Amino acid sequence: MPAMPPLDSTERATSRSQLNWINIAFIAVAHLLAVLAVVYMATVHFSPATLVLAACWYLACGMAITGGYHRLFAHKSYRAAWPLRLAYLCFGAGAVQNSALRWAADHRVHHAHCDEELDPYNIRRGFWWAHLGWVFVNRPGQEDQSGVQDLAADPLVAFQHRHFVALAFLFAAAIPGVIAAAWGDAIGGVLVAGILRLVVQWHATFSVNSFAHCVGSRPYSRETTARDSVLTALISLGEGYHNFHHRFQADYRNGVKAYHFDPTKWLVWSLAKVGVTWDLKRTPREAIERSRQAVASTPTG
Ligand SMILES: [Zn+2]
Ligand SMILES: [Zn+2]
């Protein structure tokens, strides 16, 4: 096979123009501010109340991504009352991972074309591409909403999409700052509960695109690189049973066994008990067992 010729200047210019400098700058500055947040806590002001706020904000924004963006909006694995959908959309904006509409569009393409060229976070392009690199690049068709017309028709989802930047500013940093001002630590509220929490949250979510496609086992399907790992589940509020999820993406559970660590499943199930969620989709036990046995009886390699 002949060696690839070097890029000419036009091609180099094109590849430079494909970089998303807004995302690169925003993510770089956020990481610098996260380091500053640690320095602030260590040398200027340490507030246990601010740390508790950061933990609560982490859980709220994290569940908004796993239970809201992912399992409700992208996969429609259950239905939810509008106040919960609204809370998901507000706190989801606080996780600064695009609007639910854009997030679900990317994610549906990921499932439809997993490990292929069209997969936005294709693990075959490398760990760092799947983890974060894809966010730094503009993709052809990234504005395409043809796969999420059902979501675009939801007025709440459409509202969040239109006002995403303002909502992200409010829920990622401004509101934590205002809350922490109640105990005299507005700066800590913004830096620790806002930015440091956000950066940790990014890497937890991104681990589902990177670690969950290269670390763990494949008990239900070997058709994709998606893998089950309790470690990824611990990092990602239960999203680490990714082989099961890719095989049975309509299921509201990722950890299908009762003892699997899947707080998102527990939240959705608990809310169903009080009527806030309903129509929780479960894959029949026999279908799961058939897939498991089919994989077990297929030689590897
Ligand atoms: Zn999914
Ligand atoms: Zn995946």
Side-chain angles (χ1 to χ4, degrees), residues 62-80 88 92 95 97-135 139 142 147-148 150-151 157 201-256 260-265 267-268 277 280-283 288 291 295:
M63 289 293 192
I65 293 296
T66 60
Y69 274 37
H70 186 211
R71 301 193 199 183
L72 178 68
F73 296 119
H75 289 296
K76 302 194 134 183
S77 65
Y78 65 98
R79 297 177 68 196
Y88 279 157
Q97 298 178 17
N98 248 328
S99 69
L101 198 64
R102 282 281 298 272
W103 198 104
D106 285 342
H107 194 71
R108 287 178 183 180
V109 174
H110 168 63
H111 275 269
H113 299 282
C114 187
D115 304 328
E116 298 169 4
E117 193 59 33
L118 286 175
D119 180 352
Y121 16 95
N122 180 5
I123 192 72
R124 297 200 191 281
R125 296 185 68 176
F127 178 91
W128 285 108
W129 170 267
H131 191 74
L132 190 56
W134 71 280
V135 180
R139 279 178 300 112
Q142 65 182 8
V148 285
D150 55 316
L151 296 178
V157 172
Q201 195 135 53
W202 275 340
H203 290 289
T205 301
F206 298 157
S207 73
V208 183
N209 300 334
S210 53
F211 284 106
H213 278 270
C214 59
V215 176
S217 61
R218 293 190 289 176
Y220 303 103
S221 168
R222 295 206 195 112
E223 286 178 15
T224 70
T225 54
R227 288 160 195 272
D228 280 10
S229 166
V230 68
L231 285 177
T232 320
L234 288 170
I235 296 169
S236 62
L237 298 174
E239 302 277 58
Y241 304 96
H242 207 54
N243 186 257
F244 177 86
H245 173 61
H246 268 264
R247 179 66 187 82
F248 303 109
Q249 59 177 287
D251 200 307
Y252 85 97
R253 307 161 297 181
N254 272 19
V256 69
H260 281 163
F261 181 81
D262 187 354
T264 304
K265 164 186 77 175
L267 175 77
V268 172
T277 62
L280 278 52
K281 297 188 177 62
R282 291 180 182 84
T283 313
I288 297 171
S291 286
V295 169

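None of these values were measured; they are calculated from a predicted model. Read the numbers this way: they start at 1 and go in the same order the structure lists the ligands and their atoms. One-based numbering along the sequence shown.
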request  = Decide yes or no on side chain to side chain contact (heavy atoms under 4.5 Å, CB included) for R227 and T232, but give the supporting numbers first.
outcome  = CA-CA 9 Å; R227 288 160 195 272; T232 320; over 6 Å; no

request  = Work out the angle at the Zn ion (ligand 2) between NE2 of H242 and NE2 of H110, rounded to 10°.
outcome  = 160°

inquiry  = Tell me the angle that NE2 of H246 and NE2 of H213 form around the Zn ion (ligand 2), rounded to 10°.
reply    = 110°

request  = State, yes or no, whether a side-chain contact exists between H70 and W103 at a heavy-atom distance under 4.5 Å.
outcome  = yes

Ring centres under 6.0 angstrom apart (F261, Y241) = no

ask   = Where the Zn ion (ligand 1) is the corner point, what angle links NE2 of H75 with NE2 of H107, to 10°?
value = 100°

ask   = Is H245 close enough to the Zn ion (ligand 1) to have an N, O or S atom under 2.8 Å?
value = yes

Under 2.8 Å: N/O/S of H70 next to the Zn ion (ligand 1) = yes

ask   = H245 and H111: aromatic ring centres closer than 6.0 Å?
value = yes

ask   = Relative to each other, are the rings of F73 and Y69 parallel, tilted or perpendicular (30° and 60° limits)?
value = perpendicular

